Novice: 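Mind having a look at this structure? Questions to follow.
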Number of protein chains: 2
Amino acid sequence: MADKGSDDSGEAGSRPSEGGAADGETPKRRSPKGQQRLGMREIARRAGVAPMTVSRALADPDKVSPETRARIMAVVEREGFIRNQLASSMSSLKSRRRIIGTMVPPLINSGIAEQVQGMSDACHEAGYQLLLVQGDFDRDAEDQAIRALLGWQPAGLILQAFVQAPGARQLLEDGDVAVVEISEVRGRDPIDMAVGVSNFDTAHAMTCHLVDKGYRRIGFVSTPAHGNDRLQQRRIGYRQALIDRGHVYPASLEIEVPITSAGGAEAVSALVARDAALDVIFCSSDTLAIGAVQECHRRGWAIPGRLAIAGYGDVDLAAQLYPPLTTVRVDRYGMGRLAVDQLLKRLRGEENLPRIVPVGFSIVDRASA
Amino acid sequence: MADKGSDDSGEAGSRPSEGGAADGETPKRRSPKGQQRLGMREIARRAGVAPMTVSRALADPDKVSPETRARIMAVVEREGFIRNQLASSMSSLKSRRRIIGTMVPPLINSGIAEQVQGMSDACHEAGYQLLLVQGDFDRDAEDQAIRALLGWQPAGLILQAFVQAPGARQLLEDGDVAVVEISEVRGRDPIDMAVGVSNFDTAHAMTCHLVDKGYRRIGFVSTPAHGNDRLQQRRIGYRQALIDRGHVYPASLEIEVPITSAGGAEAVSALVARDAALDVIFCSSDTLAIGAVQECHRRGWAIPGRLAIAGYGDVDLAAQLYPPLTTVRVDRYGMGRLAVDQLLKRLRGEENLPRIVPVGFSIVDRASA
DNA sequence: CTGTTAGCGCGTTCAC
DNA sequence: GTGAACGCGCTAACAG
């Protein structure tokens with residue numbers, strides 16, 4: 001490797017006594033120059049025009065004569081000019097906001113990650129930037145996060161789950177930002193617009209599917225549903241399906257476990273202890289289901305012979321698992337994109353937008369159940 | 001001249017009816033008209049002070065007298081004032097930037113998601129917001145993404161992988177934003193600072209570990225390494241370990257497959273076809289390893305009896321898999337946090353920051369190999 | 001402790 | 001087709 005140890009000797013004269021900085025192996029230090037990038041004014045000066053003309057050449061090229069434009073663009077390229085979005089957004093507050101704020105649960109949920117990816121892609125295609133706040137929110141933190149987002153004057157907000165904090169809700173209802181909530185779409189009133197599946201419907205459909213395949217004792221595992229619409233709806237959907245199919249609803253076959261694959265394993269142990277005749281376990285997430293499958297392997301149980309397992313989410317691994325996982329597929333990536341699309345429609349001023357945009361789903365029937 | 005003196009309100013001292021109510025409870029029923037949020041000027045007027053005083057009360061409460069502060073805060077609360085961060089950042093360009101931009105590969109990689117979570121948490125604890133650009137970048141897209149980020153005048157940038165696009169690199173070297181690259185830390189020269197593991201070391205360690213456990217024919221699977229430092233380093237580490245341990249380096253036992261668990265399954269088939277005596281397969285990601293394990297189940301092969309599998313990453317599932325996965329553990333969440341910490345140190349002007357901050361790793365020895 | 005002045009860098013508006 | 005003035009909302013720097 002070329003170690004051009006002499007590369008600073010060129011201007012050796014100006015080097016005081018920095019040498020002893022104990023680095024020894026880092027030949028190059030970062031110069032503290034911090035050269036400020038040029039502003040539009042300076043670009044204009046170098047192109048021999050007024051700043052306004054530069055602005056136009058960038059925003060609306062047709063309104064500038066070809067020669068002027070060429071001259072300007074040449075300087076822009078040469079100097080690597082990047083327009084200051086802060087100033088840009090400031091000067092015309094309504095029309096040039098270019099930020100979409102979003103608040104999401106922990107990304108470790110692969111579904112959330114896909115969704116964020118969808119939002120991100122759609123945002124960038126439309127020239128917006130995504131300001132991300134991510135965390136496990138209680139009402140206060142949620143409120144604070146929304147305020148933090150609003151401070152950046154976003155064109156819109158995409159919120160995962162309906163806003164709980166009353167203060168924040170009020171703020172959003174009064175304010176002039178577009179809001180899309182991505183969540184359970186059943187039985188709630190969105191602040192502005194909502195995109196999502198009916199978790200009730202998905203769980204109902206899967207449970208019916210299992211009943212129709214001949215399973216009789218159907219367990220249901222979820223992570224803690226308290227304060228979580230989506231999980232609650234899934235549970236209700238499960239219960240309703242049992243009732244609709246003429247099964248007695250066995251409360252003892254429901255269980256809550258931590259949100260890890262270890263939780264899925266735990267659920268298997270707990271549920272079979274409660275009911276040795278258990279047929280199948282419907283897990284409210286693939287992570288749980290995968291954990292449950294591993295537990296069956298550990299016990300040497302055939303799947304679905306001894307115990308069948310169904311999941312929710314259709315993560316990448318679901319299809320590759322042994323045995324392949326029967327699960328509920330929701331297009332999370334598409335949901336993310338759709339949320340952004342709705343937001344953009346509102347920003348464009350389109351009328352008669354639906355307040356609720358349902359997203360489809362499907363039951364993926366594989367070997368595990 | 002300021003018009004406030006002649007105006008109606010506050011200083012009249014005798015606040016007719018609402019003042020008398022000892023209840024500080026202002027039942028915040030705002031008029032149902034969707035109103036624009038108020039600016040600082042308006043808050044100041046209602047509190048009977050100058051805008052600057054409001055600014056100070058918010059930014060540096062000690063510099064305002066307790067009574068004034070109380071009066072201001074009351075109005076701020078009542079009106080739900082949120083400071084315009086755009087304007088704030090504009091007015092003092094060096095000191096009040098509050099955005100950290102980041103560019104990351106697809107979040108579907110659970111490692112990346114964890115890392116982003118670490119960055120996000122650390123950012124918010126320090127009062128910064130995370131501006132996220134996410135995608136599968138070629139050089140041009142990368143360049144464009146970085147420019148987009150820079151337009152928001154971020155205090156710093158955290159970039160996943162070293163910047164390839166020469167234009168962007170130049171921009172960052174000249175500019176005054178702090179930059180942390182999260183990546184392979186071996187043999188590269190960071191723009192400013194770098195945080196990461198030596199992928200060479202990790203792969204070398206795992207390969208040695210396998211050799212030391214008695215495996216003789218060691219396959220290596222990775223996703224396409226072209227243009228990907230980290231994967232290349234892992235491969236070289238694998239090769240070097242074999243040489244260091246006195247094994248002949250068998251090029252035929254290396255393979256590249258797509259970045260899915262299906263790829264892992266494919267690798268098993270391909271490699272055993274090449275060498276029926278294959279002992280173990282070292283997969284450059286857990287996703288691949290998990291796919292490989294499933295393929296073994298499908299074939300009814302004992303793990304590690306017939307074929308052992310090792311992974312890289314220690315995803316949540318790795319420990320729960322059947323059999324539990326031997327893998328390389330890197331603390332991605334911590335890496336994300338660390339990257340932000342380094343950035344903040346630079347922003348605080350700390351001296352003698354190391355240009356390269358290595359992150360530790362460990363070999364997690366479980367049952368699969 | 002508090003207020004006043006002057007701009008941050010750009011875009012809108014209107015004049016040329 | 002181009003330019004000059006003004007203002008977006010906030011804060012550094014200096015009065016008082």
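Chain A is the first sequence line, chain B the second, and so forth, proteins listed ahead of strands; every chain is numbered from 1. Both backbone and side-chain heavy atoms feed into the values below; hydrogens, waters and symmetry mates do not. Keep in mind that this is a model prediction, so the values were computed, not measured.
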Novice: Starting from C1' on dG1(D), measure out to CG on Asp60(A) and report it in whole angstrom.
Specialist: 13 Å
Novice: Using a cut-off of strictly less than 4.0 Å, decide whether Ser65(A) has a side-chain nitrogen or oxygen near OP1 or OP2 of dT2(D).
Specialist: yes
Novice: Ignoring backbone atoms, establish whether Arg69(A) has a side-chain N or O less than 4.0 Å from OP1 or OP2 of dG1(D).
Specialist: no
Novice: In terms of side-chain heavy atoms, does Asp174(B) have a donor or acceptor partner in Gln170(B) at a distance below 3.5 Å?
Specialist: yes
Novice: Would you kindly give the CG-to-P distance between Leu58(B) and dG9(D), to the nearest whole Å?
Specialist: 16 Å
Novice: Mind checking what makes side chain to side chain contact (heavy atoms under 4.5 Å, CB included) contact with Arg83(A), not counting sequence neighbours?
Specialist: Leu58(A), Phe81(A), Ser88(A), Arg96(A)
Novice: Go through the steps for Arg71(B) and Glu67(B) under the test salt bridge (Lys or Arg N to Asp or Glu O under 4.0 Å), then give the verdict.
Specialist: CA-CA 6 Å; Arg71(B) 203 148 31 98; Glu67(B) 311 90 53; over 6 Å; no
Novice: Could Glu350(A) and Arg346(A) be called an ion pair, given the rule that one side-chain N must be under 4.0 Å from one carboxylate O?
Specialist: no
Novice: Could you list by number each residue of residues 43-54 of chain A showing a heavy-atom separation from DNA chain D of less than 4.0 Å, or answer none if no residue does?
Specialist: Val49(A), Ala50(A), Met52(A), Thr53(A)
Novice: To the nearest angstrom, how far is Gln153(B) atom CD from dG9(C) atom P?
Specialist: 8 Å
Novice: Does Arg139(B) come within less than 4.0 Å of Asp143(B), counting only side-chain N to carboxylate O?
Specialist: no
Novice: Considering only heavy atoms and no angle criterion, is a donor-acceptor pair shorter than 3.5 Å present between the side chain of Arg56(B) and the base of dG3(C)?
Specialist: yes
Novice: How long is the line joining CD1 of Ile72(B) and P of dT2(C), in whole Å?
Specialist: 8 Å
Novice: For Arg97(A) and dG9(D), give me the distance from atom CZ to atom P, rounded to whole Å.
Specialist: 11 Å
Novice: Would you call Arg355(A) and Asp189(A) a salt bridge, using N to O less than 4.0 angstrom?
Specialist: yes
Novice: Give a yes/no on whether any side-chain N or O of Ser55(B) is located under 4.0 angstrom from OP1 or OP2 of dC10(D).
Specialist: no
Novice: Can you list the residues that meet the side chain to side chain contact (heavy atoms under 4.5 Å, CB included) rule with Lys63(A), with sequence neighbours excluded?
Specialist: Arg56(A), Asp60(A)
Novice: Could you state the CG-P distance from Leu86(A) to dG11(C), rounded to the nearest angstrom?
Specialist: 12 Å
Novice: May I ask you to decide whether Glu42(A) forms a salt bridge with Arg45(A), counting only side-chain N to carboxylate O separations under 4.0 Å?
Specialist: yes
Novice: Measure all distances between protein nitrogen or oxygen atoms and nitrogen or oxygen atoms of nucleotides 6-8 of chain C, and list the pairs falling under 3.5 Å.
Specialist:
from   : atom 1 : to       : atom 2 : distance (Å)
dC8(C) : O2     : Met90(B) : O      : 3.4
dC8(C) : O2     : Ser91(B) : N      : 3.3

Novice: Could you say whether Ala59(A) or Val64(B) is positioned toward the 5' end of DNA chain C, judged by the nucleotide with the nearest heavy atom to each?
Specialist: Val64(B)
Novice: Roughly, in whole Å, what's the span from CZ in Arg83(A) to P in dG9(C)?
Specialist: 15 Å
Novice: Taking atom types as modelled, find out whether Gln85(A) and Gln129(A) have a side-chain donor-acceptor pair closer than 3.5 angstrom.
Specialist: no
Novice: List in chain and number order the residues that pass side chain to side chain contact (heavy atoms under 4.5 Å, CB included) with Arg337(A), two or more places apart in sequence or in another chain; answer none if no residue qualifies.
Specialist: Asp121(A), Ala122(A), Glu125(A), Tyr333(A)
Novice: Consider only side-chain N and O atoms of Gln160(B) and Glu181(B), and report whether a donor and an acceptor are under 3.5 Å apart.
Specialist: no
Novice: Checking all strands, does Ser89(B) fall into the base, sugar-phosphate, or nothing category for heavy-atom contacts under 4.0 angstrom?
Specialist: nothing
Novice: Between Arg96(A) and dC8(D), is there a contact of a side-chain N or O with OP1 or OP2 at under 4.0 Å?
Specialist: no
Novice: When the axes are fitted on five pairs at both termini, how much does the helix from dC1(C)-dG16(D) to dC16(C)-dG1(D) curve, in 10° steps?
Specialist: 30°
Novice: How many whole angstroms separate atom CZ of Arg71(B) from atom P of dT2(C)?
Specialist: 8 Å
Novice: Less than 4.5 Å apart, any side-chain heavy atom of Leu172(B) and any of Ile146(B)?
Specialist: yes
